[in-house]
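One-based numbering, in listed order, for ligands and for the atoms of each.
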Amino acid sequence: MFFNPLEVGMKPDPFKYTVYNALVVPRPIGWISTMSADGVVNLAPFSFFNALSGDPPCVMYCPNAVKPGTEEKKDSYTNVQETGEFVFNMCTWGLRHEMVATAEHAPSSVDEMAAAGLEAAPCHNVKPPRVKASPVALECKHLQTIDLPPGRTSQSHMIIGQVVGIHIDDDVIEDGMVNVHKMELIARLGYLDYAKIESENIVSLKRPDRGTYEQPGIKSG
Ligand SMILES: Cc1cc2nc3c(=O)[nH]c(=O)nc-3n(C[C@H](O)[C@H](O)[C@H](O)COP(=O)(O)O)c2cc1C
């Protein structure tokens, strides 16, 4: 089938639910902590998230409106406009339930990290704390917000940040690399579905123009 989303939206017949979220998959989850100007911590997951460049390291996440058809902004949008800082926390399989709990639209006065039962750890170069249990956290300074074109029901904003500090749990560093087996990675699929990245499904593919990175326990594909 073919459809133009600008003409028919994201749920043309026979789809029961918005289909787009299931078409660009798997996606990483940007678990973003911010702090309001008043010092309240916010934490929320964003799968419209990605690393944008490696040098300098930059990342982006895209909050849309709190409710379709409204212009009410999410705390993850407002806080970064006010304070210019955010933190990417790596969500793992083991943290998936806490991650989903932080998707609740709680009032701005609620510390969503604490509400999800997560311990906060301080950052070096930004004020928002990181999730202590995340094996990786990237401290980011806001570079730019790009307003994407208004959609049929919502508007999204791409928030770009430059990484100014990198935390890596020493336990996942092994043999001069981060050990993917120890990080328990999770991927966002469509609808309400997620995947666990299991060791047996990870392969290493040699590129024609590069040397190899030999990571223990990863078989050649
Ligand atoms: C796995 C997952 C991915 C999500 N990705 C996005 C996203 O990319 N953009 C977005 O606006 N909301 C996304 N949400 C919903 C937000 O997390 C949710 O609206 C949250 O309440 C925003 O919180 P805030 O108001 O505290 O910033 C996602 C939720 C989940 C569970």
Gap separating the CD atom of Gln155 from the OG1 atom of Thr70, nearest 0.5 angstrom: 11.5 Å
Identity and distance of the protein heavy atom lying nearest atom 18 (C) of ligand 1: Ala103 O, 3.3 Å
Nearest candidate to atom 19 (O) of ligand 1, where distance is taken over non-hydrogen atoms, out of Arg96, Glu112, Lys74: Lys74
Closest protein heavy atom (residue, atom, distance) for atom 25 (O) of ligand 1: Asp75 N, 3.1 Å
Ser156 side, atom OG; Phe48 side, atom CZ - distance, nearest 0.5 Å: 7.5 Å
Separation between CD of Gln144 and CD of Gln162, rounded to the nearest 0.5 Å: 12.0 Å
Proximity of Asn42 to ligand 1 by residue part, where a heavy atom lies under 4.0 Å: side chain
Under 3.5 Å: donor-acceptor pair, side chain of Asp111, backbone of Met113: yes
Within-shell test, Tyr194 vs ligand 1, heavy atom, strictly < 4.0 Å: yes
Arg188: numbered ligand 1 atoms lying under 4.0 Å from its heavy atoms: 1 (C), 2 (C), 3 (C), 4 (C)
Spacing of CE belonging to Met99 relative to CE belonging to Met90, to within rounding of 0.5 Å: 13.5 Å
Sidechain-backbone polar pair: Asn89 side chain, Val131 backbone, donor-acceptor under 3.5 Å: yes
Between CD1 on residue Ile197 and NE2 on residue His181, distance to nearest 0.5 Å: 12.5 Å
Near-ring test Phe88/Tyr61, centroid separation under 6.0 angstrom: no
Cation-pi geometry met for Lys11 and Phe15 (6.0 Å, 45°): no
Min heavy-atom dist Val100 to ligand 1 below 4.0 Å: no
Winner among Phe46, Tyr61, Phe49 once heavy atoms are compared against atom 6 (C) of ligand 1: Phe46
Part of Ser156 with heavy atoms under 4.0 Å of ligand 1, whether side chain, backbone, both or neither: neither
Trp31 contact mode with ligand 1 (heavy-atom cut-off under 4.0 Å): neither
Nearest-contact summary for atom 8 (O) of ligand 1 - protein heavy atom, Å: Phe48 N, 2.8 Å
Spatial distance of atom CD1 (Ile160) from atom CG (Leu143) [nearest 0.5 Å]: 7.0 Å
Within 6.0 angstrom of Tyr17 OH, more than 12 heavy atoms from elsewhere: no
Within-cut-off N or O pair, Cys62 and ligand 1, under 3.5 Å: yes
Subset of ligand 1 atoms that lie under 4.0 Å from at least one heavy atom of His105: 21 (O), 25 (O)
Atoms in ligand 1 with a heavy atom of Glu104 nearer than 4.0 Å: 21 (O)
Closest approach of any protein heavy atom to atom 27 (O) of ligand 1, naming residue and atom: Ser76 OG, 2.5 Å
Subset of ligand 1 atoms that lie under 4.0 Å from at least one heavy atom of Pro63: 11 (O)
Polar contact flag for Ser47 and ligand 1 (N/O pairs, less than 3.5 Å): yes
Candidate with minimal heavy-atom separation from atom 14 (N) of ligand 1, of Ser33, Ala44, Pro45: Pro45
